[in-house]
Amino acid sequence: MPLIVGNWKMNGLGADGVSLASAVAAKVKSAPAKTREVVVCPPFTLLERVGAAIAGSGVSLGGQDCAPKVSGAFTGDVSAPMLKDAGCSWVILGHSERRAGHKESDALVRAKVEAAEAAGLVTIACVGETLAEREGGRALDVVAGQLQGSLPDKRPERWVVAYEPVWAIGTGKTATSDDIRAMHAHIRSYLERRYDRITGVSVLYGGSVKGDNAREILGVSGVDGALVGGASLKAEEFWAICTAR
Ligand code: 13P
């Protein structure tokens with residue numbers, strides 16, 4: 001079953017966030033047969049309120065980041081057990097906005113993935129090349145390098161890799177179906193080489209997924225779902241993505 005994850009990024013104040021979450025929850029609840037596995041990842045400040053709004057609907061809650069440590073003197077950080085305690089079962093890690101804007105290295109992402117798994121969260125580990133890397137013919141190598149550095153050696157029971165080409169995020173540009181198919185096959189073959197088996201892994205595509213292109217993207221072989229930014233902030237459009245395939 002395709003997995004659709006809404007990454008709200010740094011958007012949403014109380015009333016709006018709760019009404020968005022409630023609207024998504026109501027749609028999922030009213031049409032369970034059409035429904036994909038749906039996760040929403042609001043900012044930390046809204047986790048508990050959004051968690052209450054989606055309770056019992058089948059929609060799951062995720063964080064957008066976590067610290068590599070469990071607790072301690074790390075001002076401003078939020079740990080994986082804290083996310084779990086706030087009702088999360090998922091966490092997005094290694095998003096390109098964190099890799100670029102907060103200088104997160106592969107090693108740091110890996111430490112976060114290990115912390116999240118130890119806390120019992122399902123990790124959505126993000127990888128993706130920049131435009132310069134793609135134009136330089138290095139997209140496949142860059143993504144393999146990110147996977148090598150960011151994923152722990154021990155394979156978890158359930159895990160998600162999200163391929164998000166940096167140049168497609170928030171730009172309205174999407175990778176072509178052929179490029180998505182090729183990258184998803186590349187990711188799977190990398191994982192097959194590295195791990196004894198890769199059951200339980202889902203590979204998502206992210207980057208300008210909208211209501212009107214979701215059907216095509218979700219139909220590409222090797223695409224198990226979508227990681228959605230801007231379009232997850234509108235209940236109708238997010239629902240169109242959830243029901244696209
Ligand atoms: P957009 O869907 O806004 O391009 O964002 C994609 C993304 O970064 C999801 O994590």
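Remember, it's a predicted structure, so these values are computed and weren't measured experimentally. Both ligands and their constituent atoms are indexed starting at 1 by order of listing.
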Atom 9 (C) of ligand 1 sits nearest the protein heavy atom E164 OE2, 2.8 Å
Under 3.5 Å: N/O of N7 near N/O of ligand 1 | yes
Are any of the N or O atoms of K210 closer than 3.5 Å to those of ligand 1?
-> no
Considering the options V160, V203, V201, which one meets the side-chain contact (heavy atoms from CB on, under 4.5 Å) requirement together with D224?
-> V203
How far is atom 3 (O) of ligand 1 from its nearest protein heavy atom, and which residue and atom name does that atom have?
-> G230 N, 2.8 Å
Residue pair C88 / L121, side-chain heavy-atom distance below 4.5 Å | yes
Among all protein heavy atoms, pick the one closest to atom 2 (O) of ligand 1 and tell me residue, atom and distance.
-> G229 N, 2.9 Å
Exercise: identify the closest heavy-atom pair between T174 and Y205 = CA-OH, 3.7 Å
For atom 5 (O) of ligand 1, grab the closest protein heavy atom and report residue, atom and distance to one decimal in Å.
-> K9 NZ, 3.2 Å
Any ion pair linking K210 and E237 (charged N to carboxylate O, less than 4.0 Å)?
-> no
For A175 and W167, which heavy atoms make the closest approach, and how far apart are they?
-> CA-CH2, 3.6 Å
Just by distance, with hydrogens left out, do Y163 and Q146 show a side-chain donor and acceptor under 3.5 Å apart?
-> no
Does ligand 1 have any atom that is closer than 4.0 Å to a heavy atom of G170?
-> yes
Classify the ring geometry between W159 and Y195 as parallel (under 30°), tilted (30 to 60°) or perpendicular (over 60°).
-> perpendicular
Does an N or O anywhere in I169 fall below 3.5 Å from an N or O of ligand 1?
-> no
Considering only NZ, NE, NH1 and NH2 on the basic side and carboxylate oxygens on the acidic side, decide whether K112 and D77 come within less than 4.0 Å.
-> no
By number and element, which atoms of ligand 1 are closer than 4.0 Å to a non-hydrogen atom of G207?
-> 4 (O), 6 (C)
Which ligand 1 atoms does L227 reach within 4.0 Å, using its non-hydrogen atoms?
-> 9 (C), 10 (O)
Does G206 come within less than 4.0 Å of ligand 1, judged by its heavy atoms?
-> no
With a cut-off of 4.0 Å, which atoms of ligand 1 are near a heavy atom of A168?
-> 4 (O)
